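This report refers to the structure that appears directly beneath it.
No experiment lies behind these values; they were computed from the predicted model shown. Chain identifiers are assigned alphabetically (A, B, ...) following the order of the sequence lines, protein sequences preceding nucleic acid strands; residue numbering begins at 1 within each chain. When reading the values below, keep in mind they use all heavy atoms of this one structure, side chains included, and skip hydrogens, waters and symmetry mates.
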Amino acid sequence: MSTGSPVYVLGWGCLSASGYGPESLVDTPENLPAPSAPSDGSVAGVSSSGVHTIDGFDPSKYLKMRGLRTLSRASRLAVVSAAAALNYPQHLVPEVEAASVVVGTQWGSIEPMVDFVRTAALDGPQNVNPSQFPNVVANVHAGYLGILFGLKGPNVTLCGPSSGLDAVGYAVDLLRLGRADYALAGGVEALGSALLQGLAVEGELDCPPLPGEGSAFLLIGRRELAGLTAQACVASFATATVHQPSDLDRARTQVIEEVLASTQVEPSAVGVTCHTGSIWQASGRFKSSLPPFRNLQSLTGVCRAADGALAAVAAAFQVQRHHCPALVTVFPPAGAQTALLLTPL
Amino acid sequence: MIENQDTRPVVTGIGVVTAIGTNYDEFWNALMTGRTGVHPVRSFDTSPFPAHIGCEVSADLVPISADPKVGRAARLGVIAARQAVQAAALDGSELQDVGLIVGTTMGEACWIEAWSPDQFRGEPAQMPAQELLRSGPDQIGTDVARILGLGGPVSAVAAACAAGNYAIGRAADLIRLGRVDKLLAGGTDAFSRVAFMGFAQLGALAAEACRPFSVDHDGIVIGEGAAMLLVESLTSARARGARILAEVSGFGLSCDAYHIVSPLPDGSGARRAIQSALADAGMHPAQIDYICAHGTGTVANDRAEVAAVRGVFGEHIVPMSSIKALTGHAMGAASAIEAVACIAALQHQVIPPTWNWTAPDPECAWDVVPNVPRPAKLQAVLNNAYAFGGNNASVIFSRWNEGEGNIAL
């Protein structure tokens, strides 16, 4: 990430099975007993009791906004967190053409697609609801965020298990390149019966951490907005792609080194780590100098694309609270390994 | 990474597979002769729908991967990516440094589309639901990178019908930022019953033909395909003696923030994307010699696009054409396929026409290059793409004027 004018964190919002707001991620004891998988071993009906679902989710519990009825569950989850990040409706981004939206999701449109095809298969294609068609397209969440909050800058959707944190890195690039002055960046993932069925077959309901759902967004910008003061700085971001398992340790160490070196923050100065993904122990010079990696998945479940964004929100909140650098890491078992460093003002 | 490099992004390889041609030569020949890719749909029963035509890539022409877990969109992407790698004269050892950004609309819908009514009707345990886990858009990038042996960063961008331009623009940005030297960037989408149903229910399917900007335009023809560009830094291209086909001069994004499926009628959102691309390229509108339109053939899109173009270019009537009359609308691949048309136009110095045009729609009054290829002096071309969610993306390609870069492929 190139140096240049600072990028500030101006707001945040998150929702997961652990609760609403970053306090639900940092003030909850990490070692709560994990929800257990369904005891009868079957997945028929896909009981939600064994996974980190947001039971009884209703956007009206969190904000007053009309026009959400036709949105998918994932889109509604995204709206709730985005509204918090934007401090909606108290403060609105004034320069809407310079305000970007970058959303990461992996499976956000899959359940609507299953529903759409199911209706066609069982009731006939002439009975599919055209208002549900946009929900099968992966960029629908970002699209609705643009519409509902009037954000007219670049509107981007990234896909993949770590795309929620990748979205923050992409948004920083947009700001650095002058393509936007502000960005709502984060991730969303929603669970449904079809996805849970698939995850059960793959064995992902067998032991913790179990699947989860949630959403999280940061509002970042190159300067403050009226009523939205900077809470932290987005200091650096690094990512390394791994194609072989034998390269995982090297890549993870590499991205941590990059984010620290580019800001000259010493590992011992990092006060907080917020981690998601594979359990990993830092090695070498980081072994004793970084705080223990705090894995949020024990609270939220495995939220795929939302994981990294949840960790970023937790970290930003901790920076504001403790006035120390916070390291965010997303280390999935394959693919992109990503680190983000947030620093106090 | 090469030090002291010129990070201008240039295109050194292209690959394209569409209903009008499964390689560059066939594709360009079809654009010049009007050979259509529109045929009665073969892959599923269209009798419940008001339209029955589509632009499918023939199964006979698309070698089926030996891996049954690789979806059709990824297979199309592999074909295009291999062509681009070959055209760029990269050997296998060099692919370790090549990344991939793939644009798509829905990912691999084929897995879900293949489920039978009984599978939906039966117990949840009977649903082959694990296939769901392979249907996300990112799976396409994973599969293409694995099959080609790419060692660089891999990402997937979902921007519906603008995804190809998003991928190409992001590749250009990453190269400018010095993060990577070479990236394959483009888009792929397979012929989709979900898309067919959805657009049918929206009343957006053309009855007989796609007629962009024509008075009798009545909708889109669903298509499929893939296109990939090898985008690399100028220094990297020069260092290995690559043939440079074009420069990615500029890229612009905007969001209508208006409606989830309909474009802003006044074209103001699309206009901002064009203006952003021009600013990014450091160009004035008068420097654009040709516009490759999004041009889907729907009344709403065609009129909004002309309004956008008029808002930028004013009285400077830049020739604008849509190739979707022949290729159909290949969804996430469309703007990548159109990028290939842009580069080909620069190479051949000929504007591909808007085929099937009959008479002007008064609200689409513009030079749309109807039905006849037009030789022209082309230095810079603009590629527009617009999508659900009000996602607008414009990319500018410039002719490369150095040495022998300007020979036909």
Side-chain angles (χ1 to χ4, degrees), chain A residues 2 42-46 96-97 101 106-107 109-110 113-114 116-118 120-122 124-126 128-130 133-134 136-140 142-144 146-147 150-161 163 166 173 176-177 179 193-195 197-199 201-202 239 241 243 335-336, chain B residues 48-49 99 104-107 109 112-113 115-117 120-121 123-125 127 129-133 135-138 141-142 145 151-160 166 173 176-177 193-194 197-202 253-261 269 272 276 387-391:
Chain A
S2 60
S42 78
V43 293
V46 195
V96 294
E97 293 180 1
V101 176
Q106 185 175 20
W107 295 326
S109 57
I110 287 183
M113 184 175 298
V114 171
F116 197 79
V117 180
R118 178 191 291 116
L122 300 184
Q126 66 279 9
V128 296
N129 185 344
F133 177 46
V136 311
V137 180
N139 70 325
V140 64
Y144 275 123
I147 292 167
L151 306 175
K152 298 184 176 180
N155 190 286
V156 183
T157 299
L158 306 177
C159 298
S163 56
D166 292 341
D173 284 346
R176 294 262 191 244
L177 289 166
R179 297 190 182 282
S193 57
L195 268 174
Q197 171 70 27
L199 291 168
V201 171
E202 292 294 302
T239 186
T241 300
H243 296 283
Chain B
F49 304 107
T104 186
T105 301
M106 289 180 283
I112 303 168
E113 291 176 349
W115 295 359
S116 69
F120 282 111
R121 207 178 280 124
E123 290 295 321
M127 290 165 57
Q130 68 269 37
E131 291 174 342
L132 284 180
L133 308 186
S135 61
D138 60 303
T142 300
V154 177
S155 59
V157 177
Y166 269 70
D173 276 352
R176 287 175 177 172
L177 287 168
R193 189 157 51 90
V194 169
M197 282 192 288
F199 282 108
Q201 289 298 87
L202 289 174
L253 294 175
S254 74
C255 181
D256 285 356
Y258 168 69
H259 191 275
I260 201 64
V261 300
R272 286 188 290 107
S276 177
F388 277 10
N391 285 191

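- Contact between A:Met113 and B:Ile112 at its shortest, heavy atoms only, is SD-CD1, 3.8 Å.
- Once rounded to the nearest 0.5 Å, the distance linking OG1 of B:Thr105 with CG of A:Asn139 reads 8.0 Å.
- Pairing each heavy atom of A:Val117 with each of B:Glu113, the nearest pair is CG1-CA, 4.4 Å.
- The line from CG of A:Asn155 to OH of B:Tyr166 is 5.5 Å long, rounded to the nearest 0.5 Å.
- Only the side chain of B:Phe49 comes within contact range of chain A, with at least one heavy atom under 4.5 Å from a heavy atom of that chain.
- At a 4.5 Å heavy-atom cutoff, the contact between B:Val261 and chain A is made by side-chain atoms alone.
- Rounded to the nearest 0.5 angstrom, B:Met197 CE and A:Phe116 CZ are separated by 5.5 Å.
- Using a 4.5 Å cut-off between heavy atoms, B:Asn391 contacts chain A through its side chain alone, with no backbone atom that close.
- No donor-acceptor distance shorter than 3.5 angstrom exists from the side chain of A:His243 to the backbone of B:Ala145, with no hydrogens or angles considered.
- Between B:Phe120 and A:Ala121 the shortest heavy-atom distance is CD1-CB, 3.8 Å.
- Between A:Gly146 and B:Ala257, the closest heavy-atom pair is O-CB, 3.3 Å.
- For a residue to count as touching a neighbouring chain, one of its non-hydrogen atoms must lie under 4.5 Å from one of that chain's; by this rule A:Leu195 touches chain B with backbone and side chain alike.
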**OP:** Please step through side-chain contact (heavy atoms from CB on, under 4.5 Å) for the pair B:Leu132 and A:Gln197, ending with a clear verdict.
**Re:** CA-CA 9 Å; B:Leu132 284 180; A:Gln197 171 70 27; over 6 Å; no
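- Residue contact with chain A, scored on non-hydrogen atoms closer than 4.5 Å, involves the backbone and the side chain of B:Ala109 alike.
- Contacts with chain A were tallied for B:Leu253, B:Thr104, B:Val154, B:Thr142; B:Leu253 has the most, counting heavy-atom pairs under 4.5 Å.
- Listed options A:Pro154, A:Ala142, A:Gly124 were ranked by heavy-atom pairs under 4.5 angstrom with chain B; first place goes to A:Pro154.
- The CG atom of B:Leu133 sits 5.5 Å away from atom CD of A:Glu202, with the distance rounded to the nearest 0.5 Å.
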**OP:** Evaluate the criterion side-chain contact (heavy atoms from CB on, under 4.5 Å) for residue pair B:Tyr258 and A:Ile147; output intermediate values, then yes/no.
**Re:** CA-CA 6 Å; B:Tyr258 168 69; A:Ile147 292 167; 5.8 Å; no
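- Between chain A and the residues B:Gly269, B:Gly152, B:Ser116, B:Ser135, the largest count of heavy-atom pairs under 4.5 Å involves B:Gly152.
- The parts of B:Ser254 that come within reach of chain A are both its backbone and its side chain, each placing non-hydrogen atoms under 4.5 angstrom from that chain.
- With rounding to the nearest 0.5 angstrom, the CD1 atom of B:Ile260 is 4.5 Å from the OH atom of A:Tyr144.
- A heavy-atom distance below 4.5 Å is found between the side chains of B:Asp138 and A:Pro161.
- Heavy-atom pairs under 4.5 Å with chain A peak, among B:Gly390, B:Ser155, B:Gly151, at B:Gly151.
- In terms of non-hydrogen atom pairs under 4.5 Å with chain A, the most contact-rich of B:Cys255, B:Gly389, B:Gly136 is B:Cys255.
- Rounding to the nearest 0.5 Å gives a distance of 8.5 Å between CD of B:Gln201 and CG of A:Asn129.
- For the pair B:Arg272 (side chain) and A:Lys152 (backbone), a donor-acceptor distance under 3.5 Å is present.
- Residue B:Phe388 touches chain A through both its backbone and its side chain, counting heavy-atom pairs closer than 4.5 Å.
- Heavy-atom distances place both the backbone and the side chain of A:Val156 under 4.5 Å from chain B.
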